[in-house]
Every structure is written in structure tokens, then in C-alpha cells.
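Working notes for the structure below.
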2 protein chains.
Amino acid sequence: MSDMPSCQFESRPRRIVIGAGGAQADFCTTCSVRPTSVCSVIGPDDISRLSEAAVETIIPPGRGFIEEGAPATDFFNVTSGTVKLFKALPDGRRQITGFASPGHFLGLAVSDSYAFGAEAVDTVRVCRFSRDKMADLLDDFPKLERRLLEEASNELVAAQNQMLLLGRKTARERVASFLLDQMHASQLPGQEGSGGRLHLPMTRGDIADYLGLTIETVSRTLSWMRSQGMIEVGKGYAITILSVPKLDVLAAGNT
Amino acid sequence: MSDMPSCQFESRPRRIVIGAGGAQADFCTTCSVRPTSVCSVIGPDDISRLSEAAVETIIPPGRGFIEEGAPATDFFNVTSGTVKLFKALPDGRRQITGFASPGHFLGLAVSDSYAFGAEAVDTVRVCRFSRDKMADLLDDFPKLERRLLEEASNELVAAQNQMLLLGRKTARERVASFLLDQMHASQLPGQEGSGGRLHLPMTRGDIADYLGLTIETVSRTLSWMRSQGMIEVGKGYAITILSVPKLDVLAAGNT
DNA sequence: GGAACGCATTGATTTACATCAATCCATCCG
DNA sequence: CGGATGGATTGATGTAAATCAATGCGTTCC
């Protein structure tokens with residue numbers, strides 16, 4: 001735990017701060033266009049309240065910024081990039097429990113320490129809040145609480161799906177499910193169709209830790225899918241989905 | 001899906017109903033002593049509001065009462081017994097995502113259909129609410145919403161632990177983790193110490209489906225633990241934990 | 001009492017995936 | 001440029017747990 005690259009937040013404190021009568025539209029600009037963000041939930045009139053608690057932080061690829069088991073002091077809202085959330089065993093085995101993309105909240109845990117670690121996959125921007133102030137905000141903005149409940153419910157559904165995947169699916173089914181999930185995530189409102197082209201910012205190792213497999217099995221499975229004409233594996237982090245139906249059949253477990 | 005033993009709720013509608021000025025203490029008696037229940041969160045003064053929406057239902061062992069994928073019309077609060085929550089693949093493979101005991105809420109899903117199925121392990125009592133009315137209740141009782149968020153957060157933490165278990169732990173580690181979890185759950189406030197004696201209402205099949213193993217592996221692992229002096233396997237559903245430290249070492253992955 | 005049933009245990013065998021190991025190929029950097 | 005580095009791929013081998021199979025054992029119900 002001690003050799004973890006701990007993040008000093010590279011904080012340029014209050015990178016974007018709004019005064020009482022300042023230009024509110026400038027606050028956390030990414031927030032304002034994301035339907036799931038803090039700002040859009042709270043409403044423009046109260047943004048100045050939020051600004052007192054928030055610090056925007058930029059996190060470089062591979063940098064950890066939440067350490068599993070550390071005191072849970074902060075609360076985050078991802079505004080750009082992809083974050084991997086994980087838990088680890090003492091001997092180093094790792095399970096990535098999810099990838100958080102823009103709009104997601106981190107640090108919901110009710111306990112006083114983080115139940116998971118978090119690390120930037122690519123360059124990530126987050127809005128960071130003190131958890132103390134967060135409690136006050138929740139009292140003042142019921143809509144925010146509603147939004148958090150919605151978020152938690154969605155994550156719970158995702159977690160249940162992942163438990164089914166980890167407990168009962170074969171390697172091929174896991175990879176197929178993953179690719180389809182990623183495709184759906186990339187087709188969220190605002191994103192263009194992309195014709196089955198995926199970018200996947202994470203490494204094979206991350207995918208393996210997410211799917212409960214090894215790097216080699218992930219690699220072999222992708223090669224097999226390529227041989228079956230289901231996908232095309234490009235250079236770098238590009239994968240193109242050639243046949244959604246074939247992957248669907250696989251992912252559903254209809255071998 | 002169609003041959004599932006669907007529950008007609010065996011409803012004796014409003015088994016316990018309170019009139020405007022009625023004896024409020026009679027409503028859902030189990031609720032009133034559980035710190036996590038709906039009633040105790042809402043407060044006695046508002047119980048009559050709740051009574052308009054709630055129906056107490058008794059569900060016999062093995063009976064399913066939430067069908068995965070069915071329209072999510074109701075919302076439940078378990079008041080006694082144990083419920084298994086699960087997801088299934090078309091070919092019958094099953095993953096139990098959790099066991100719900102008294103105080104737990106079911107049906108949080110924001111979508112309009114249930115993301116999981118639910119079935120009674122032993123005889124179960126629940127308070128059932130219409131989801132439509134639930135939305136109104138949430139507006140009127142912020143404390144309830146806070147409580148639900150807390151519940152969801154706790155479940156999320158449990159789900160993350162389970163993902164680590166399913167993705168990265170060996171069979172022995174899984175069973176050890178399970179036994180320790182069950183022991184901790186049985187030591188919640190109110191329950192007596194019990195001296196390591198566990199009751200486990202679920203079958204080996206349920207445990208297997210919860211841990212992502214087969215019945216045979218669960219059985220073999222328990223036998224092995226017995227041979228190691230870690231546990232004692234009694235008749236029926238009784239298991240006695242003889243050495244918490246040994247199980248701890250196993251569960252943590254220190255092989 | 002004794003089939004019949006469901007659940008659990010134990011043994012023999014198979015297998016999907018992990019592990020060990022050898023390239024390959026970009027990118028980085030002195 | 002050329003060695004070093006980190007990720008990815010592919011091959012050979014090992015193994016933990018699944019599968020297949022037999023038996024036991026308590027309950028239920030004629």
C-alpha cells in the first residue's frame with residue numbers, strides 16, 4: 001500500500017473560482033454540459049455555494065488519487081477522462097470494480113474510509129469536494145441527493161451484472177459482454193455513432209483485472225474473436241466491432 | 001422465465017392496517033424495532049401516511065416474488081427471514097448477488113423493470129409499497145431518502161467486495177470469506193454472541209450460486225475446513241466456527 | 001414400512017483457464 | 001541510431017475447479 005503512487009492532487013487550488021457576482025458559466029465548464037453533473041443538478045443559481053467547496057483537479061494517466069482504506073475526506077465528480085476503481089488483496093491480486101467516466105460520482109461510501117482505490121486511466125479531470133461540506137450540501141439541495149440515489153442505484157445494477165459475469169460467464173462471454181458494454185457507453189447522448197469503432201483507453205491488464213481473467217486469456221480471446229470475424233483489432237487501443245449479433249449471442253451465454 | 005414459480009403474494013391485503021386514529025404501534029411490528037426499517041426512519045407520527053401504501057406479505061420458503069425483467073411495480077422492506085437476490089442466464093446458470101435480511105430494501109432500481117429476481121430462502125415477511133406512492137413518500141420524507149442512499153452505498157460496498165471475491169479469490173478463500181461474513185451478520189446489534197455457531201438458512205446450492213462455485217466444490221471445501229479444525233459441520237444447516245483466525249488468514253488471501 | 005425425493009458428500013475424470021516462457025513491436029531516450 | 005522498456009501476442013504445460021458418477025441420509029407421503 002505504501003509504494004502506491006499517491007496523488008498530491010497536483011492541485012492548482014480553485015482553478016476556476018467564481019465570486020459572489022462572478023461569471024457563473026465559467027465554473028467547472030465540463031459540468032455545465034453534462035446532464036449527470038453536479039452543476040446541472042443543482043442549478044445555476046446555487047453554483048456559487050458549490051464553488052466554495054469544489055476544487056478542479058487534473059490527474060495524469062496512471063496516477064492513483066484514492067487509496068483503498070485511507071480516510072475518506074473527499075468526494076469526486078469526474079468531468080473528463082476515465083478512472084479505474086479497484087480493490088486488491090494483500091498479495092497483489094486486483095479486481096477492477098468499474099470504470100468511471102464523465103458524470104460519475106466517486107466516494108459515496110458512508111464509512112469513514114474509502115472502500116476502493118481509484119486511478120486515472122488516461123488524463124482525468126475531476127471536481128473534488130470536501131465530504132464535510134458535502135453533508136451540508138445534501139441538506140440544502142434535495143435534488144442532489146435524489147441524483148446521488150439514482151447514481152447509486154445504477155451502479156448497483158451494473159455491479160449485479162458484473163457479479164453474474166464474474167461468477168458464471170466463460171472467458172469468451174466475459175469479453176463479449178465487455179465489448180458490448182463499452183460500445184453502449186460510447187453511444188451515450190452526444191457521442192456520435194462511430195460505426196462500431198471503439199477506443200478503449202485501458203490496457204489489456206486493466207481489462208483482465210476487470211473481467212477476472214489474465215492478460216493472456218484476454219489477448220487470446222480477442223484473437224479468437226478476430227478469427228471469427230466478430231471484431232477487428234487495430235493498432236494502439238482501437239477495436240472495431242464487426243458483428244454485434246455474434247457478440248450478443250456470445251454475451252447472453254447462448255454459446 | 002415462464003416456469004418460474006411466480007408469487008401471487010399470497011396477499012391478505014393490508015394484513016395490518018391502521019386507521020387515522022388507530023393503534024399505530026400495531027403497524028408492521030417488526031419494523032418498529034429495526035433501526036434500519038422504514039417505520040423507524042419515518043417516525044411514528046407519519047406512520048399513518050405509510051400505511052396507505054404498505055401491505056405486509058408473508059412468503060413461504062422457495063417462493064419467488066420478484067421476477068427478473070418484470071415491470072418494477074413494487075418496493076419492499078424485508079421484516080423477517082432471508083431473501084436471495086439473483087440474476088440468471090438463459091441457459092439456467094445463476095448468480096446470487098446477495099442475501100437480504102430484515103431491514104433491507106428491495107427494488108431500488110431506477111429503471112421500470114426489476115434488474116434481478118428475488119426468492120424467499122426461509123419464511124419471509126416483507127412490507128410492500130407501490131413504487132408510485134414511494135416517489136411521493138420520498139418527496140415528503142427526506143430522511144427516508146437519506147436512509148435509502150445509505151443503504152445503497154452499503155450495498156455498493158458489499159457488491160465491490162463480492163466482485164473481488166468472484167474475480168480473484170480461490171474456492172477456499174471464497175468459502176472462508178462467506179463464513180466470516182455470515183458470522184458478522186449474525187452478530188449485529190440485538191443478536192447474541194452465539195459462540196461461533198451459525199445457522200445458514202440457505203442450501204449448498206445457494207451458497208455455490210452466491211460464491212460462483214459448484215455444489216460439489218462448496219461441499220468439498222467445507223469438508224476440508226473441517227479436516228483442518230477450522231469449522232464443525234453440524235446436521236441440518238448448522239456450522240460452528242472453531243477458529244476465526246485461521247479463516248481470517250484464508251479469506252484475506254494469505255494462502 | 002418403504003418407495004421416492006431432495007440435498008449432501010465423496011470419488012474419478014475432464015477441461016477451461018492460469019502459469020510459464022518466448023518473441024514481437026512500438027515508444028522512449030541517451 | 002540502438003538499447004531499454006512496457007505492452008501485446010502466441011505457444012507449451014500445469015492445475016484448480018467443473019463435470020460426471022455413485023452413495024448416503026433425512027423427510028415426506030402413500
Side-chain angles (χ1 to χ4, degrees), chain A residues 5 60-62 84 89 91-95 119 121-122 165-176 178 198-228 231-239 250 253 255, chain B residues 5 60-63 84 89 91-95 119 121-122 165-178 199-227 231-239 250 253 255:
Chain A
K84 54 184 168 189
L89 290 170
D91 65 1
R93 280 173 287 172
R94 244 177 187 243
Q95 179 64 37
E119 192 176 306
V121 172
D122 44 16
L165 179 148
L166 293 170
R168 292 303 183 205
K169 289 188 180 178
T170 66
R172 286 173 182 178
E173 290 162 359
R174 293 180 200 202
V175 175
F178 171 72
L198 289 181
H199 189 68
L200 302 195
M202 67 292 288
T203 67
R204 296 284 187 271
D206 289 336
I207 297 174
D209 280 347
Y210 181 57
L211 300 180
L213 301 170
T214 58
I215 293 177
E216 295 93 324
T217 298
V218 169
S219 183
R220 267 187 259 273
T221 304
L222 288 173
S223 296
W224 176 81
M225 286 176 170
R226 180 161 39 78
S227 79
Q228 301 295 306
I231 63 173
E232 203 170 283
V233 182
K235 293 295 170 192
Y237 293 97
I239 285 187
L250 247 189
T255 318
Chain B
R63 171 69 53 88
K84 55 184 168 190
L89 290 170
D91 65 1
R93 278 173 288 172
R94 249 178 182 239
Q95 179 63 37
E119 193 175 306
V121 172
D122 45 15
L165 181 149
L166 293 170
R168 291 303 183 206
K169 288 188 180 178
T170 66
R172 286 172 182 180
E173 290 163 358
R174 293 180 200 203
V175 175
S177 300
F178 172 72
H199 188 67
L200 301 195
M202 67 292 287
T203 66
R204 296 284 187 272
D206 287 337
I207 297 174
D209 280 347
Y210 180 57
L211 299 180
L213 301 170
T214 59
I215 293 177
E216 295 94 325
T217 298
V218 170
S219 183
R220 268 187 259 272
T221 305
L222 288 173
S223 297
W224 176 81
M225 286 176 170
R226 180 160 39 76
S227 80
I231 63 172
E232 204 170 282
V233 182
K235 292 296 169 190
Y237 293 96
I239 285 187
L250 248 189
T255 318

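Reminder, nothing fancy here: chain letters follow the sequence lines and each chain counts from 1.
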With sugar-phosphate meaning primed atoms plus P, OP1 and OP2, does [X] contact a base, only sugar-phosphate, or nothing at under 4.0 Å between heavy atoms?
X        : value
A:Val233 : sugar-phosphate
B:Gly205 : sugar-phosphate
B:Leu222 : nothing

Any idea which of D:dA17, D:dT9, C:dT9 is nearest the B:Ile215 side chain?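 The closest nucleotide is C:dT9.
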Candidates C:dA8, D:dG7, D:dA18 - which lies nearest the side chain of B:Thr217: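 The nucleotide sitting nearest to the side chain is D:dA18.
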If only side-chain N and O atoms of [X] are considered, is one of them under 4.0 Å from the OP1 or OP2 phosphate oxygen of [N]?
X        : N      : answer
A:Arg226 : D:dT10 : yes
A:Ser223 : D:dT10 : yes
A:Arg220 : C:dC17 : no
B:Thr214 : D:dA18 : yes

Tell me: [atom1] of [X] to [atom2] of [N], nearest whole Å?
X        : N      : atom1 : atom2 : answer
A:Met225 : D:dT9  : CE    : P     : 13 Å
B:Asp209 : D:dA18 : CG    : P     : 11 Å
B:Arg168 : D:dA16 : CZ    : P     : 16 Å
B:Lys169 : D:dA16 : NZ    : P     : 18 Å
A:Met202 : D:dG7  : CE    : C1'   : 15 Å
A:Asp206 : D:dG6  : CG    : P     : 16 Å
A:Arg204 : C:dC25 : CZ    : P     : 16 Å
B:Tyr237 : D:dT27 : OH    : C1'   : 11 Å

Taking the side chain as every heavy atom from C-beta outward, state whether [X] and [Y] have any pair of such atoms under 4.5 Å apart.
X        : Y        : result
A:Tyr210 : A:Val218 : no
A:Leu165 : A:Glu173 : no
A:Leu222 : A:Ile239 : yes

Using every non-hydrogen atom in the two residues, find where A:Leu166 and A:Gln95 come nearest and quote the distance to one decimal.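 Scanning both residues, the minimum pair turns out to be CD1-NE2, 3.7 Å.
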Can you name the closest pair of heavy atoms from A:Pro201 and A:Asp122 and give their distance?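 Nearest heavy atoms, A:Pro201 then A:Asp122: CB-OD2, 3.6 Å.
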Out of curiosity, B:Leu213 CG to A:Arg168 CZ, how far, rounded to the nearest 0.5 Å?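 Answer for the CG-CZ pair, B:Leu213 versus A:Arg168, is 7.0 Å.
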Output a table of nitrogen or oxygen pairs between the protein and nucleotides 21-23 of chain D separated by less than 3.5 Å.
none

Tell me, please, which residues at least two apart from B:Ser177 pass side-chain hydrogen bond (donor to acceptor under 3.5 Å, both in side chains).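 In terms of side-chain hydrogen bond (donor to acceptor under 3.5 Å, both in side chains), with neighbours along the sequence ignored, B:Ser177 is linked to B:Lys169.
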